[in-house]
Structures are given as C-alpha cells and as structure tokens.
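Here's the structure, in structure tokens; my notes come after.
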Amino acid sequence: MNYDFRQIEDKWQKYWAKNKTFKASNTSDKPKFYALSMFPYPSGAGLHVGHPLGYIATDIYSRYKRHKGFNVLHPMGYDSFGLPAEQYAIQTGQHPAITTENNIKRYREQLDQLGFSFDWDREVRTSNPQYYKWTQWIFIQLFNSWYNKKSDKAEDISTLVALFEKAGNSKVEAACDDDTPAFTAEDWSGFSEKEKQEILLKYRLTYLADTEVNWCPALGTVLANDEIVNGVSERGGHPVIRKKMTQWSMRITAYAQRLLDGLDKIDWPQPLKDSQTNWIGRSEGASVTFNVISSDSEKSQDTIEVFTTRPDTIFGVSFMTLAPEHDLVAKITTPEQKAEVDAYVEATAKRSERDRMADVKTVSGVFTGAYAEHPFTKESIPIWIGDYVLASYGTGAVMAVPCGDQRDYDFAKYYNIPIPNIFEGIDISEEAFADKATTIIANSDFLNGLSYKEATKKVISELEKIGHGVGKVNYRLRDAVFSRQRYWGEPFPVYYVDGMPQMIDEQHLPLELPEVEKYLPTETGEPPLGNATHWAWDVEQCTVVSNQLIDNKKVFPLELNTMPGWAGSSQYFNRYMDPRNEEAIFSKEAIDYWQDVDLYIGGSEHATGHLLYSRFWQKFMFDRGYVPKDEYAQKLINQGMITGTSAIVYRISGTNKYASYGLKDEYTTEELRVDVNLVNVSNELDVEALRDWQPEYQEADFILEDGKYIVGREVEKMSKRWYNVVNPDAICEEYGADSLRLYEMFLGPLEQSKPWNTAGITGVHSFLKKLWKLYSPLFDLDTERPPAGRAGSRSVTEAEPTAENLKTLHKTIKKVEEDIENFSFNTSVSTFMICVNELTAQKCTSKSILEPLAILVSPYAPHIAEELWERLGHNESIAEAPFPKFEEKYLVESSKEYPISFNGKMRFKLELPLDMGKDEIEAAVMAHEKTQEQLQGRTPKKVIVVPGKIVNIVG
RNA sequence: GCCUUGGUGGCGGAACUGGUAGACGCGCUGGAUUCAAAAUCCAGUUCUUUCGGGAGUGUGGGUUCGAUUCCCACCCAAGGUACCA
C-alpha cells in the first residue's frame, strides 16, 4: 500500500481537533513545560514558508516534552492590531476588524495544514476586547505606580503620597522627571488637587509629557525614525518636522539597570543580549556643573550640566558645546551673536535627528558669545552650539576636550579653538588621544601623573567637595513613547478632567474601540478616534456617551490616541496561561503553576522592541506581585530567516525582448524580477506561463539558449515586491505537511538564515516513503486495512529484535534525544534516514523496534507517526507515548580497532573491547603505551580512555 | 568605526570534550528494472596523481604525537549599532 499522505494528514488533523489531543490543563501531577512561538501579525499575504520554521521547531520540542512526560503548554494567537489593516481601511473603507478576521481565517487554515500541536482553546487576539481589556488594565497599574529607587522596585502610588504627606519629596528617591520641583510636606498639603496630580504625573510609570517627535503634517501622524528617508516621509515623500507633542510615555528608564542585570540570568542568544546591552547603553562617568559667566550681576546664576565619561580630562577643556535645542541657548546668547545663532538653530530644526546623525563628516557650529567658568581653574571657556551634540543624550551639552575626543578635536581645529595637551608624552598634533588604558594625565594640577582610573576617582571626589559634580551612570535608553495617532490599536482607558488624565474604573473595562466614518486624522488634526461621534466618558453612568454636548457636567473627553503595536504583545505570554478569565488577567493558580516560558522561539528583529518592552512589563508585574518571575522567558532561540531566491529576466533596453541568462552580456539589459513559481529547479523559465502572468510579457520575444530561457537568481528577503514568496500550501499539496516539516528542519541549523530551495525536498519525501515501506509488510499481514478508528487493530509481529536491530534503534534514540535537547533538529533527520535504511536492510519486522521508532519520528512527522502507531494496534494517540529509553549496552560491541597516530607518521591500531571495565581499559592502555615506548622511544604524557569512544591521548 | 556570528566538495550542510574530515540529502555519472517514461533499487562522486601516493576545512603563523576544533594576526561575508560625550 502506498504512502497516502493526503488521506493520513487529513485524518489525523481532524482527530487531534476532535479529541483536543493537545489541550493543556492548568493542574497536573506532571512537571510543566511552556513552549512558545512568537505570535504572528496576520498579514494579507498569508503564511510563507519562512513563518513556520520557528513554529515547527517549537512544535517538535513540545511534542518531545510531551513524550518525556511533561504537561505541555503550547499556545498560538495573533498580534492582530497593526498598521497594514488600517492602511487598507483608509484606502477601501473596509473596517480593519473585517480585514483582520479574514486574514486570521487564512492563517488558521494554513497553520492547521501543518499539523501543529497547539492548544487552540487558548488562542488570543490582541484586537479582541476581551484581550485588550487586560492591556488597558496593565496600563492602569502602571499609571498607579511609581519607581522607588530605595527599594529598587515599583510601588503603588499611595506609598508615594504617604511619603509626600510626611516629608515632601526631598527624601524621596524615585525615577521621575528631571524638572520636578522640591517641596515640603506643608507645601504638599497646601497644593490643590490639580497641582497634586501634576506632581504625581511626574512620578508615575506611565505619564504624559511633551515629547519631541517626527511629525508629518500631511499624513497627520507621528513617524518613527525609520519611516523617514532624507527628511521626508517614506510613504508619500511629505515633509517631516520635529515637533513637541503631549504623548503618553513609559518610564522604562527606571528599569534600565535591572534590564541589564537580568540578561545574566537568562539563556538568550549572545547577539541578542548584546543588542539589548547596546540599546540600554550604560556608561559610567560624572556629571559636572559649569557656571555661566554672567555680565549682568542681577541675573540669577545659570549653570550648564554636562555628562562625561572622561572627568579625568577636565583640565583639557577648552570650550563647551550645547545642542542647538538646549534650553539655555536662547538665554545666554549675546546680542552680537543672536542672528547667527538663531539662523543655525532654525537650520538644525529642519533636519531630522537621523539625518543629522548620518551626516557625520561636516563640522558645523556657532559661538554663542557666552562663557562658562572652569570649576577648578576658574578660566573662561567659550560656549558654542553644534549639531554634533544631541539634545536627547545625556544633558544635551558637553565639555569639549579636544585633545581627548576626536569630535571635539575636529571642531576645535575647524574653528581655531586652542587644543591644550594634558597627556604625558603624547603627540596630539594630528589627532586626539582617547586610549584610556595608556593615559597618564599631565598639566592638570592635582591630577598630574595619575592614570585614567586614579584621576577619575580623584577628580570626582574633588568635584563633590566643591559642589560641582558627582559620579554618575548614564543610560542611552530613553522612555518609550506610548501614544500613536492611529485607529487600529488599543484605546487608552483614560478620560480628562480639567486637562488632567483620569483612569477609567477597572470594572468598566474594556473601553472598546468606537466605530468611525473614516480612519484618517480629523480636520482639526486630532487622531482618527476624534472622528467618533460618541467618544466621551460619563462618570456617573460609567459609559461612553454618544454625544458630548448633552447637558451633563460629568461627561468628559476621552484620550484619542491609541497604544502602539508592542502594547498587546508585552504580556500575551502570561495571558495564555488563563486566556478566558474574565475576572483577572490570569488566576493566581494559573500563574503559580505555569510560572514562566521555558522555551521561546522567534525572530531576532524584535531584539530592541518587543523583547525589551516585554521584559520591562514583566519586571513591573513582578514588582507589583502579579507574577512570580521577573524574567518571563528562561530560554530563547532566534530562528533564522528563510530568504527567497528571486528569478530575474533580462530585458534588452528599449525593447520588449528578453535575453536568457547566458546571453545577457551580449546586450545592454535591465533586470526584472518574475514570479519564482514560473521557474523550475534548473532555472528554466516557463515562457508561456510568464506570458499569462502579466500583460507586459504577452507580446514579448525571448532569446533562448539551447531552446530554454534560463533566469538569473538572487537571494534576498522573501517579499511580495520581488515575486519570490513561496507559500507552504503548494508544498503541502505535493509532498504533504510531514515532508514540509522535515524539510524545513533539514535545510540547516535553526538559527541560521538560509535561502529557500525546493531542490532537496524529494530527499525527505522519499525518506517518508521508505519509512512507510518499512512498516507496511507488517500491515499487509492483514488482508485488509485495519478497521477504522482506534479499536480492533490486530497486533503485528512479535519477532525478537536482533542485536543489530537494537543497536540501530538505540543509536537513533541517543542521537535524536541529544539533537532535540540541543535544538539541532537538522541532524536528526539524517539520523532517521540512516536508521530506516539500516532497519530496511536488516529486514526488521519486530514490533519492539518499530514502536519506539514511531515515537522518535513523531515530533518531526506527527501524521505518519500517528498512522503507523494506530496500525501497530494502539488505541490512544502517540502524543502521550513515553519517549524510548536509551540503553548504552546495545551499542557496545565486542571489540573494535581504533587508530592512533604518532609523530604524524606511523599508525597503530589499538583494539579495545568496549564492554570492559575502566580498570581493564586502563591496563590495556598501559600495555599499549609500553609498546609505543619500545617502538618510538617516547611515551604520550597521559592517556584517557572513555568506554565506547576513541582513545584520547592528551598532552 | 564598534559589537556579534560565521567561512568545510558542484550545492544545503555533518564532525559531541582536539583523534580515520566531508555523515545525511540534493545534484551529477554508471548500472538494474521498463517497449518507454515516472517511480524504485544498486554502485560511484573533495581535488590531484605516473595509481605508490600527494594536497586539502578563508589566509599566514603558533601550541600539540595529532588541529575544521585551541591561541595570535589578517582577509571576507552576514546581522546589530553608532557624532552616545
């Protein structure tokens, strides 16, 4: 009987769905295992072959853990808020919810086809109100919390209020806005309610603040840095300006150090940890305060605070540079310099930050006319502004040490500012000297002769003495802007009273997204939610009301922004533990049982987005006692990207003629990409199919070589734009899901990115056919197929396995188990192939070999494994069958020759019985050494023998 | 520039703590089966050779009886990141 994968796969997919084979229970005597794949955004294009790679890997591991006796949680859901559906809505008017629903349906069909062991009863969708209710809930918890640096954790805002009532804010050490004024307990009690709220807002973990953003007036929205190209929007090419807007922000900076420290505790890929480390960007140094020299003695003393990692070079300061946006610029600029400074500031404002960063080479700046006083020498230091100083990092001001920093050096050279040398024995006539390790300070008063380390320590203590600075740790990480001027996102559970934000009471969540007429900003420039006619909160009725004009004093406007894409994905892994709970985000029992994710697989592109924000929220949830672990994913693996192989035709310029790949150099040609599905394995193009594909090829002439049109190939990211997307559907249709699963694993190491290429899929497909054949003689003992369903199958061969059979099996068990534990899924496919070839050659019919083999294969190729399992006479799914136990004894041979080479010339063979004891082996090796000594006149220094392995002679 | 990862046949890739490099698959070559094809099976396939061998894991050194594996320098590729003071 042939391997009918269509019938088999259909049968078992239905069986699993009907019997809820993979339903996970929140109570079990078994140990738990939580395996998670990053949930997808359901795009209109459907799944391509790159998506399932990580899912297959997670699925193999989940199924393996199930065989190993774990209670496995393996959920799937959809990150279903997002921009594409909204843009589609803007173009067509179709509600994003409908687009999303359709896309999800298609995703689900495709996922089901691949035979994943997901517990679909736990599916979540971030755009579902029952889900985003809890996203809103977390937002409220963040709003109601502050970060206490003394206890180093988030606490309820009430503890802060208590501190204020007791002693004002002077003793409070909190993560808060820099411009928070000092006040006493008396002040506090004297503040109005609104004043109190304003103060508290500066401490909350999510807060409203004026943030400088990239605003695109034409699109009516804020753009991320990477949405801007050359100062104009990527879409449409509209101008973009820097603008201050009131936005919600998340105080992730409060967690900077803990996010850094936490990386040591988790098993994540090094490159990913490194990008998070860089992103957080911790640097140690000092904050130094310079007094501005004022011509007007009436004026209050202005000070400039700078951050430096090289306080040891303070005597090398010859000027200061402020970012053009710095608050003091307008204040300190002298009348003579005003025109020049204003022009420069204006010119800089027009450039985006990214633009400025890209333009590293040009030196530019303007003198403000003002001077600062050196804290030690009391000398006057000119204050410049320059766009090489970024307002967003540090304090937006630097003390420039041209001899020790190349940028300062270039600036000083360009504007003829003196470059004092403060390094012992270093020539700085050509470039700055920045090597900390070999620094010896000179010309620096009390720092002379000291190393970088000594001088830094000394100067910080001196600065502290004179009140001009402190040692400081600075982070590159910035608070995360949390507002988006979009429709298709979570609404904020926020309404405004007298301009101050108020949280909607938890019991009235979710605050549902309203219907709108159009998905664009309103004419007055408000976000799309401003189009909703019923968008206000009635506190008394606790409802969203339909008309703001009704005569009721208690109706307040709601927040019109929505949350960003990462909001919904920052806690979904916890919600999976108890996704239908309407009373709480999850029950205590559920979180106590599942704890955290044991294995998380997904793409590395989320390194500084989702994977950082979700760690932040988890730490917050931990601080507030909602979750037991402050890192939610112990082990994380980045699966590599599967790239596409685009097909290229060569159009002869100015014609509608196309030259084949080998002939293209004879003409001037343009490269055009065509649908890869029109090309076969040997790069031959189906010309007729191409004519039908797009009208421009209808009348085209093709210049062939050897009667064929050969295309060029280019490996690049799979994208609709390059026509190189390969869908799994066609592969499933032709070879089956098991073949696809095996093949995606066989393609190469999980973490490596690799081009998709169907050339090798016949190899794994024929393996499955061989596997089927290995078992089929047994079924053919039955005159007919076993009865349908689980019952009644006759048990097959009870033949005793041979020693050879057992050896083959246990070799396979050992390798497959090691491979799965190490996530080297690619090599187990080879192991299976070898195993089946050997057992076929051995004419193995023994049930005690074939049963465990089916279990070994089942994580990889679950459908065929289930079918074989049933035919072997089992009534239960193979999913819970215990993983075969490896036994060393079956691998042991009576003796084997092992080669050992000496001096790289002569070869000897040492024959060692492998089942001999350690003492015996050592005795044998001693004897061998003696022989060597006689033969060679020298002895290896030490000999180690491992049973079953080659002899190691270690130097 | 900095950080990270990698570099092995025609191709994808194996090789666990240093121990017969190239497993397994694709492709290719030859053969069997077939009227023929598909499918299947068998044999061969790193390069080179005067058939004894010789060379060989990006390049050049080093440690070692022995190096794809460890150390140093360099080259190349991919990914991340950047006037970060």
Side-chain angles (χ1 to χ4, degrees), chain A residues 2 269-279 281-283 285 306-310 313 321 323 353-354 356-363 386-390 392-401 404-408 410-411 434 474-477 604-605 607-608 638 640-641 643 681-682 742-743 746-749 751-755 757-767 769-770 773 814-815 818-819 822 824 826-834 837 840 897-907 909 932 936 938-941 944 946 949-955:
Chain A
N2 286 331
Q270 195 56 44
L272 198 147
K273 286 187 181 183
D274 288 339
S275 34
Q276 291 207 347
T277 305
N278 289 338
W279 192 260
R282 180 194 154 101
S283 50
V306 302
F307 175 74
T308 176
T309 54
R310 297 295 304 274
T313 63
T321 316
E353 189 154 316
R354 166 164 283 219
R356 271 167 64 183
M357 287 183 189
D359 185 17
V360 186
K361 291 181 189 70
T362 17
V363 177
D387 68 0
Y388 79 97
V389 177
L390 303 176
S392 53
Y393 182 75
T395 58
V398 299
M399 58 175 224
V401 184
D405 182 287
Q406 194 58 43
R407 291 156 302 173
D408 295 343
D410 294 341
F411 196 89
N474 202 41
Y475 298 92
R476 197 188 79 106
L477 185 71
S604 59
E605 66 273 22
T608 52
N638 289 133
M641 192 170 52
T643 47
V681 181
S682 31
L742 280 170
Y743 187 58
F746 189 61
L747 221 44
E751 309 198 27
Q752 195 173 300
S753 84
K754 51 231 157 190
N757 169 6
T758 44
I761 200 165
T762 52
V764 291
H765 188 64
S766 69
F767 155 71
K769 285 198 269 191
K770 284 180 196 170
K773 246 189 201 160
K814 184 167 189 244
K815 185 79 171 87
E818 280 171 4
D819 282 347
N822 296 325
S824 314
N826 52 332
T827 49
S828 353
V829 184
S830 301
T831 309
F832 289 137
M833 289 173 174
I834 296 166
N837 282 340
T840 305
E897 287 185 329
Y898 287 112
I900 302 175
S901 66
F902 277 89
N903 287 347
K905 294 277 180 199
M906 296 189 67
R907 270 186 189 159
K909 285 189 175 177
Q932 292 299 314
Q936 300 279 308
R938 59 190 304 173
T939 323
K941 287 163 200 156
I944 298 172
V946 183
K949 298 202 75 172
I950 293 167
V951 180
N952 278 329
I953 301 157
V954 182

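Computed over heavy atoms, backbone and side chain alike; hydrogens, waters and symmetry mates excluded. Letters A, B, ... are given to chains in the order of the sequence lines, protein chains preceding strands, and every chain is numbered from 1.
- For the C1' atoms, the distance linking rG9(B) with rU45(B) amounts to 10 Å, nearest Å.
- In this structure, Glu751(A) places its CD atom 17 Å from P of rG79(B), rounding to the nearest Å.
- With sequence neighbours excluded, no residue forms a side chain to side chain contact (heavy atoms under 4.5 Å, CB included) with Asn278(A).
- Comparing the P positions of rA67(B) and rG56(B) gives a spacing of 11 Å, expressed to the nearest Å.
- Across rG80(B), rC83(B), rC24(B), the shortest atom-to-atom separation from the side chain of Tyr388(A) is found for rC83(B).
- Of the nucleotides present, none pairs with rA23(B) by Watson-Crick or G-U wobble criteria with both distances under 3.5 Å.
- Partner assigned to rC51(B) is none, using Watson-Crick or G-U wobble distances below 3.5 angstrom.
- Nearer to the 5' terminus of RNA chain B, by closest-nucleotide assignment, is the contact made by Ser824(A) (compared with the other of Ser824(A) and Tyr475(A)).
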Might you list the N or O atoms of the protein lying below 3.5 Å from N or O atoms in nucleotides 3-5 of chain B, with each pair's distance?
none

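- With a 4.5 Å cut-off on side-chain heavy atoms, Lys770(A) and Asn837(A) count as touching.
- Annotation: side chain to side chain donor-acceptor pair (under 3.5 Å) contacts of Thr321(A) (sequence neighbours excluded): Tyr388(A).
- One atom, CG of Asp405(A), and another, P of rA82(B), lie 18 Å apart when rounded to the nearest Å.
- Pairing for rU4(B) is with rA78(B), a Watson-Crick or G-U wobble pair whose two hydrogen-bonding atom distances lie under 3.5 Å.
- Rounded to whole Å, the separation between the C1' atoms of rG18(B) and rG66(B) comes to 8 Å.
- With sequence neighbours excluded, no residue forms a salt bridge (Lys or Arg N to Asp or Glu O under 4.0 Å) with Lys273(A).
- For rG9(B), the glycosidic angle deviates from 0 by 90° or less, giving a syn base.
- For Ser283(A), the side chain to side chain donor-acceptor pair (under 3.5 Å) criterion is met by Tyr393(A), not counting sequence neighbours.
- In this structure, Leu742(A) atom CG and rC26(B) atom P are separated by 13 Å, rounded to whole Å.
- Taking both residues in full, the closest heavy atoms of Ser766(A) and Gly763(A) are given as OG-O, 3.1 Å, listed atom of the first, atom of the second, then distance.
- rC41(B) and rU20(B) have their C1' atoms separated by 30 Å, with the value rounded to a whole Å.
- Set against rC84(B), rC26(B), rU40(B), the side chain of Lys773(A) has rU40(B) as its closest nucleotide.
- The separation of rA77(B) from rU8(B), taken at their C1' atoms, amounts to 15 Å, rounded to a whole angstrom.
- Inter-residue side-chain proximity for His765(A) and Leu742(A) is flagged as unmet; no heavy-atom pair is nearer than 4.5 Å.
- Looking at residues two or more places apart in sequence or on another chain, you find a side chain to side chain donor-acceptor pair (under 3.5 Å) between Asp405(A) and Arg407(A).
- Taking a pair to require two hydrogen-bonding distances under 3.5 Å in either a Watson-Crick or a G-U wobble arrangement, rG18(B) remains unpaired.
- Under the ring-ring contact (aromatic ring centres under 6.0 Å, His included) criterion, Tyr743(A) pairs with Trp756(A), sequence neighbours left out.
- We find that CG of Leu477(A) is positioned 15 Å from C1' of rU81(B), with the value rounded to whole Å.
- Comparing the C1' positions of rG13(B) and rG30(B) gives a spacing of 26 Å, expressed to the nearest Å.
- Base-pair partner of rC83(B): not found among the strands shown (Watson-Crick or G-U wobble, both distances under 3.5 Å).
- For Ile761(A) and Trp279(A), each mapped to the nucleotide of RNA chain B holding its nearest heavy atom, the one lying further toward the 5' end belongs to Ile761(A).
- As a whole-Å value, the separation of Arg407(A) CZ from rC83(B) P is 9 Å.
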Using a cut-off of under 3.5 Å, enumerate the N/O to N/O pairs linking the protein to nucleotides 12-14 of chain B.
residue	atom	partner	partner atom	Å
rG12(B)	O2'	Leu747(A)	O	2.6
rG13(B)	OP1	Gln752(A)	NE2	2.5
rA14(B)	OP1	Asn826(A)	ND2	3.1

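- Note: Thr277(A) OG1 to Arg282(A) CZ = 11.5 Å, rounded to the nearest 0.5 Å.
- Side-chain proximity of Ser766(A) to rA85(B), rU40(B), rC24(B): nearest is rU40(B).
- Because its glycosidic torsion is within 90° of 0, rG52(B) is reported here as syn.
- No donor-acceptor pair closer than 3.5 Å links the side chain of Lys815(A) to the backbone N or O of Phe832(A).
- The nucleotide rC28(B) finds its pairing partner in rG44(B), both defining distances of the Watson-Crick or G-U wobble pair being shorter than 3.5 Å.
- Within the nucleic acid shown, Lys769(A) comes within 4.0 Å of sugar-phosphate atoms alone, with no base atom in reach, counting heavy atoms only.
- Nucleotides rG25(B) and rC74(B) place their C1' atoms 35 Å apart, quoted to the nearest Å.
- The salt bridge (Lys or Arg N to Asp or Glu O under 4.0 Å) check on Arg476(A) picks up nothing, with sequence neighbours excluded.
- Rounded to an integer number of Å, the gap from CG of Asp387(A) to P of rA85(B) is 18 Å.
- Remark: Arg476(A) is not in phosphate contact with rU81(B), judged by side-chain N or O atoms under 4.0 Å from OP1 or OP2.
- Distance CD1 (Ile834(A)) to C1' (rC24(B)): 6 Å, rounded to an integer number of Å.
- Between Asn2(A) atom CG and rU40(B) atom P there is a gap of 11 Å when expressed in whole angstrom units.
- Spacing between rA15(B) and rG58(B) at atom P, rounded to whole Å, works out to 16 Å.
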